[in-house]
Amino acid sequence: LVEKLLTASNPYIRKKAALCAMRMVRKNEDLEDKFNHRIGGLVEDSDHAVALCGCSLLIAVVDTYPEYTRDFRKHIGSLMLVLKGILSSSYSSASEYDVSGVTD
């Protein structure tokens, strides 16, 4: 179910599913590669919250299973672009993430 929710159309659902997957990976070592094919899409998501939760899931998988580090190297470029966009004040849709004049 969580794997299916990682591709939901609602970004809030994708964010919560990524956090749930992260907790599942940390608690259950049998879920070794269940979410690996979804991490790229989460990390490259246009929604800041989903991208950050995708990063958290990626970190949890690599911490738990260091042998997957090589598999995730292909996402480093897009990950850096997304994180740079989050930190940049000139982000094109910053008003979408604006709370009382402060962007996330």
A.B. asks: Apply the side-chain contact (heavy atoms from CB on, under 4.5 Å) test between Val61 and each candidate in Ile59, Leu57, Thr64; give the one that qualifies.
C.D. replies: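 Of all the options given, the one that passes is Leu57.
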A.B. asks: How many angstroms lie between atom CG of Leu52 and atom CG of Leu19, to the nearest 0.5 angstrom?
C.D. replies: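 Answer for the CG-CG pair, Leu52 versus Leu19, is 10.0 Å.
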A.B. asks: CZ/Phe35 to CE/Met24 distance, rounded to the nearest 0.5 angstrom?
C.D. replies: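 So the CZ of Phe35 and the CE of Met24 are separated by 4.0 Å.
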A.B. asks: Does a salt bridge link Lys15 with Asp47, judged by any charged N lying under 4.0 Å from a carboxylate O?
C.D. replies: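 No.
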A.B. asks: Which atom pair, heavy atoms only, marks the closest approach of Lys34 to His37?
C.D. replies: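 Looking at all heavy atoms of both residues, the closest pair is O-CE1, 3.2 Å.
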A.B. asks: Test of understanding: clusters of I, L, V, M, F, W, Y form through side-chain heavy atoms closer than 4.5 Å, transitively. Do Leu42 and Phe72 belong to the same one?
C.D. replies: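 In one cluster with Leu42: Phe72, yes.
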A.B. asks: If you take all heavy atoms of Ala18 and Gly54, which pair is closest and at what distance?
C.D. replies: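 Taking every non-hydrogen atom into account, CB-N, 4.4 Å.
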A.B. asks: Hey, what do you get for SG (Cys20) to CD1 (Ile13), rounding to the nearest 0.5 Å?
C.D. replies: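 Spacing of SG (Cys20) from CD1 (Ile13) equals 11.5 Å.
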A.B. asks: Do the side chain of Arg14 and the main chain of Ala8 share a donor and acceptor less than 3.5 angstrom apart?
C.D. replies: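 Answer holds: yes.
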A.B. asks: Could you go step by step and tell me if His75 and Met80 meet the side-chain contact (heavy atoms from CB on, under 4.5 Å) rule?
C.D. replies: CA-CA 9 Å; His75 299 295; Met80 299 309 287; over 6 Å; no
A.B. asks: Let me confirm one number: the CD1-OH distance from Ile39 to Tyr68, rounded to the nearest 0.5 Å.
C.D. replies: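 One gets 10.0 Å once the value is rounded to the nearest 0.5 Å.
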A.B. asks: Following the transitive rule for hydrophobic clusters with a side-chain heavy-atom cut-off under 4.5 Å over Ile, Leu, Val, Met, Phe, Trp and Tyr, establish whether Val2 and Val43 coincide in one cluster.
C.D. replies: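 Same hydrophobic cluster.
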A.B. asks: What is the distance from atom OG of Ser56 to atom CZ of Arg23, rounded to the nearest 0.5 Å?
C.D. replies: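 Reported value, rounded in 0.5 Å steps: 10.0 Å.
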A.B. asks: With rounding to the nearest 0.5 Å, note down the distance linking SG in Cys55 to CG in Asp45.
C.D. replies: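 CG of Asp45 is found 11.0 Å from SG of Cys55.
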A.B. asks: Report yes or no: does Thr7 contribute a side-chain atom to a donor-acceptor pair with the main-chain N or O of Glu3 at less than 3.5 Å?
C.D. replies: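 Between the backbone of Glu3 and the side chain of Thr7 there is no qualifying donor-acceptor contact (under 3.5 Å).
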